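Worth saying up front: this structure is predicted, and the values here are computed from it rather than measured. The sequence lines fix the lettering, A, B, ..., with proteins before strands; numbering per chain opens at 1.
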Amino acid sequence: MPELPEVETTRRGIAPHLAGRRFTGARVRNRRLRRPVPRDLSRLLAGQPVTGVRRRGKYLVIDTPAGSLIIHLGMSGSLRVVPAGTPPGPHDHVDLLLDDGRCLRLRDPRRFGLVLFTRRDPLTHPLLKDLGPEPLAPGFGGDDLWRRARGRRTAIKNFIMDGRVVAGVGNIYANEALFRAGIHPARPAGRISRARMARLAAAIRAVLEEAIAAGGTTMRDFTDSQGKPGYFALSLAVYGREGEPCPRCGHPIRHVVIGQRSTCYCPRCQR
DNA sequence: CCGGACGCCTGTCGGC
DNA sequence: TGCCGACAGGCGTCCG
């Protein structure tokens, strides 16, 4: 579910509640996420002050002097700050307890998410070390994409969803960025000109920024840290709009499967 | 090295 | 109404 804008929305939502706080421990109701939640998570966190709340791609990183939490929301995860006594729902697997009587609560029905702890620089963790550039950081542009695409025959949509190419672009925003750039999602990545790659990079950046400003996209179960949905779904041009008229030319939006993922595009505007 | 398919989970929705 | 298959925002792994 959550792509970069939803993770960034979550980060912005939780950061003010974590600033200046200290963890008192953790309550883990179900350790069985994508990887097991550390058995000693509570002991690792107890007494540790929060020194940072960062995002890298779709990963959240919460820093303490002893080490860093690495959190991923998978397909269905969300984080909320609630009073620690709030009765948990069936999929509220982990509470990170804070010294103000509240907790950071992870809900993840499908359990594709992740809560890890590392004592080292989290950016060198095996899950993070190969991530590509942050699309919202200065310096991200078409030249980078174009260079990496040399010789690649994979569909451009698969290419920009590869976290080693660019971090944080998932299925929704890949569809939307390709529409904005006028590029057919199945076009081989290596057969896109430098100029069009520059358009694509700009489109990726723009759609992510707009989505963050709207609080992310809620298709079904994404909520921000207050439990509220994001409203960027209203602004989606193609994703989930099969058969509807293209907002640019009116031609019906088409749906195909690329890389086992649902893909929507305008066959007239995207080549 | 590259590309494509699969599996991990649960919930929901559409069709019969 | 009820059941069953298809599908869902991610991503690591395996195979050819």
### Query
Is the distance from OP1 or OP2 of B:dG11 to the nearest side-chain N or O of A:His91 less than 4.0 Å?
yes
### Message
Base, sugar-phosphate or nothing for A:Phe232? Non-hydrogen atoms, less than 4.0 Å.
### Response
nothing
### Task
Assess the side chains of A:Asp63 and A:Ser68: does a donor N or O sit below 3.5 Å from an acceptor N or O?
yes
### Message
One character per nucleotide, please: for nucleotides 3-8 of chain C, 5' to 3', B when the base has a protein heavy atom closer than 4.0 Å, S when only the sugar-phosphate does, - otherwise.
### Response
-----B
### Message
Between A:His72 and C:dC11, is there a contact of a side-chain N or O with OP1 or OP2 at under 4.0 Å?
### Response
yes
### Query
On a whole-Å scale, what distance lies between the P atoms belonging to C:dC14 and B:dC9?
16 Å
### Query
Can you tell me how far P of B:dG11 sits from NE2 of A:His93, to the nearest Å?
9 Å
#### Entry: Of the listed nucleotides B:dG11, B:dG4, B:dC9, the one nearest the side chain of A:Thr154
B:dG4
### Message
Expressed as a whole number of angstroms, how long is the span from A:Leu114:CG to B:dC8:C1'?
### Response
13 Å
#### Entry: Aro-ring/base stack A:Phe112-B:dC8, d under 5.5 Å, angle under 30°
yes
### Residues A:Thr223 and A:Lys228: side-chain donor-acceptor under 3.5 angstrom
no
## Note on the structure
Taken to the nearest whole Å, CG/A:Leu127 to P/C:dT13 is 8 Å
### Query
Does A:Arg148 make a cation-pi contact with A:Trp146, if we ask for NZ or CZ under 6.0 Å from the ring centre and within 45° of the axis?
no
#### Entry: Close side-chain approach of A:Glu134 and A:Leu4, heavy atoms under 4.5 Å
yes
### Query
Does a side-chain N-to-carboxylate-O contact under 4.0 Å join A:Arg29 and A:Asp95?
yes
### Task
Could you give the distance separating C:dC7 and B:dC6 at their C1' atoms, to the nearest angstrom?
16 Å
### Task
Can you tell me the distance, in whole Å, between the CZ atom of A:Arg111 and the P atom of B:dG7?
18 Å
### Task
Specify the separation, in whole Å, of atom CG of A:Asn175 and atom P of C:dG10.
10 Å
### Query
Does A:Phe222 stack onto the base of C:dG9, taking stacking as ring centres under 5.5 Å apart and planes under 30° apart?
no
### Message
Output the rounded distance in Å from CZ (A:Arg34) to P (B:dG7).
### Response
18 Å
### Query
Given that both distances must come in under 3.5 Å, which nucleotide forms a Watson-Crick or G-U wobble pair with C:dC7?
B:dG11
### Task
Ignoring hydrogens and angles, state whether a donor on the side chain of A:His93 or A:Arg107 is under 3.5 Å from an acceptor on the partner side chain.
no
### Message
Could you check whether A:Glu210 and A:Tyr173, counting side-chain N and O atoms only, form a donor-acceptor pair closer than 3.5 Å?
### Response
no
### Atom pair distance, as rounded to whole Å: CG in A:Leu4 and P in C:dG9
17 Å
#### Entry: d(CZ, A:Arg31; P, B:dC9) in whole Å
14 Å
